[in-house]
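Everything on this sheet refers to the single structure shown next.
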Amino acid sequence: DGGITQSPKYLFRKEGQNVTLSCEQNLNHDAMYWYRQDPGQGLRLIYYSQIVNDFQKGDIAEGYSVSREKKESFPLTVTSAQKNPTAFYLCASSVRGAGETQYFGPGTRLLVL
Amino acid sequence: AQSVTQLGSHVSVSEGALVLLRCNYSSSVPPYLFWYVQYPNQGLQLLLKYTTGATLVKGINGFEAEFKKSETSFHLTKPSAHMSDAAEYFCAVSRGAGGYNKLIFGAGTRLAVHP
């Protein structure tokens, strides 16, 4: 089945620790996205990538980093510089171009110990 | 700058009643508009979208939305609510400048359906 997988489902971060969230897609999409979801705030764009080896900052990139070494994969690292990382993180992918449907993964919930 | 406003963070209806979830947008260019649904602790699923053409858009699960340019609205409706419709609904507009497909989401509306 084609789709987007995210792992782990739950992730716990200790103070000062970097953690990496995985996102993989087998839809053959060029574009991939990371969103952060907080209660009552909808989704906010962290980073996006239109093509392998290229990515752009979204609206709330501070404290996060990404890489896009393979078309299928777009991992997100939450660094120790992100002071309020507790949130639900969603990965999405789409065909390139304005107005194309973004397909979402099941999400990773990050909690701070 | 583009933005999306969803009126009402919580909407409650009885089973079998009309569902109306409101969405207004601002956009300096013709918009692409989307409605997504999210069940607890899950990702988002596309309900329907408007790109060009017919202003009344039909989606999955009996939902539809009408693009009204004069009112800058894209309200979501369903004639008869079902218990399984209880979820959170997000309206979004695409920022298409430069060919990028970035979405701006509204804050969401949580729909409760009572027996």
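Here is how names work: the chains are called A, B, and so on, in the same order as the sequence lines, proteins then strands, and each is numbered from 1. Given the structure is predicted, the values throughout are model-derived calculations rather than measurements.
- By the 4.5 Å heavy-atom criterion applied to side chains, B:Gln45 and A:Phe104 are not counted as neighbours.
- The two residues B:Gln42 and A:Phe88 have their closest heavy-atom pair at O-CE2, 3.5 Å.
- Within the 4.5 angstrom heavy-atom criterion, only side-chain atoms of A:Asp59, from C-beta onward, approach chain B.
- A:Gly40 approaches B:Ala107 most closely through the heavy-atom pair O-CB, 3.6 Å.
- Taking every heavy atom of both residues into account, A:Gly99 and B:Ser94 meet most closely at N-OG, 3.5 Å.
- If you tally non-hydrogen atom pairs under 4.5 Å between each of A:Gly58, A:Pro106, A:Cys91 and chain B, the highest count goes to A:Pro106.
- Proximity to chain B (any heavy atom under 4.5 Å) is shown, for A:Gln6, by neither the backbone nor the side chain.
- The same ILVMFWY cluster, assembled from side-chain heavy atoms under 4.5 Å apart, contains both B:Trp35 and B:Phe63.
- Looking at heavy atoms from C-beta onward, B:Tyr36 lies in side-chain contact with A:Gln102 at the 4.5 angstrom threshold.
- For B:Leu46, the part lying near chain A is the side chain, with the backbone staying farther off; criterion is any non-hydrogen pair under 4.5 Å.
- Contact count against chain A (heavy-atom pairs under 4.5 Å) is highest for B:Asn41 among B:Asn41, B:Leu33, B:Thr51.
- Side-chain contact between A:Gln37 and B:Phe90 is present, with at least one heavy-atom pair separated by less than 4.5 Å.
- Both the backbone and the side chain of A:Thr101 have a heavy atom closer than 4.5 Å to some heavy atom of chain B.
- Annotation: maximal heavy-atom pairing with chain B below 4.5 Å, among A:Gly42, A:Pro39, A:Ala31, A:Ser94, occurs at A:Gly42.
- Listed in order of number, the residues of residues 75-86 of chain A that approach chain B to under 4.5 Å between heavy atoms amount to none.
- For B:Leu103, the parts lying near chain A are the backbone and the side chain together; criterion is any non-hydrogen pair under 4.5 Å.
- With hydrophobic clusters built from ILVMFWY side chains whose heavy atoms lie under 4.5 angstrom apart, A:Leu11 does not share a cluster with A:Ile4.
- For a residue to count as touching a neighbouring chain, one of its non-hydrogen atoms must lie under 4.5 Å from one of that chain's; by this rule A:Leu45 touches chain B with the side chain only.
- Considering only heavy atoms from C-beta on, B:Ile104 stays 4.5 Å or farther from A:Arg44 through its side chain.
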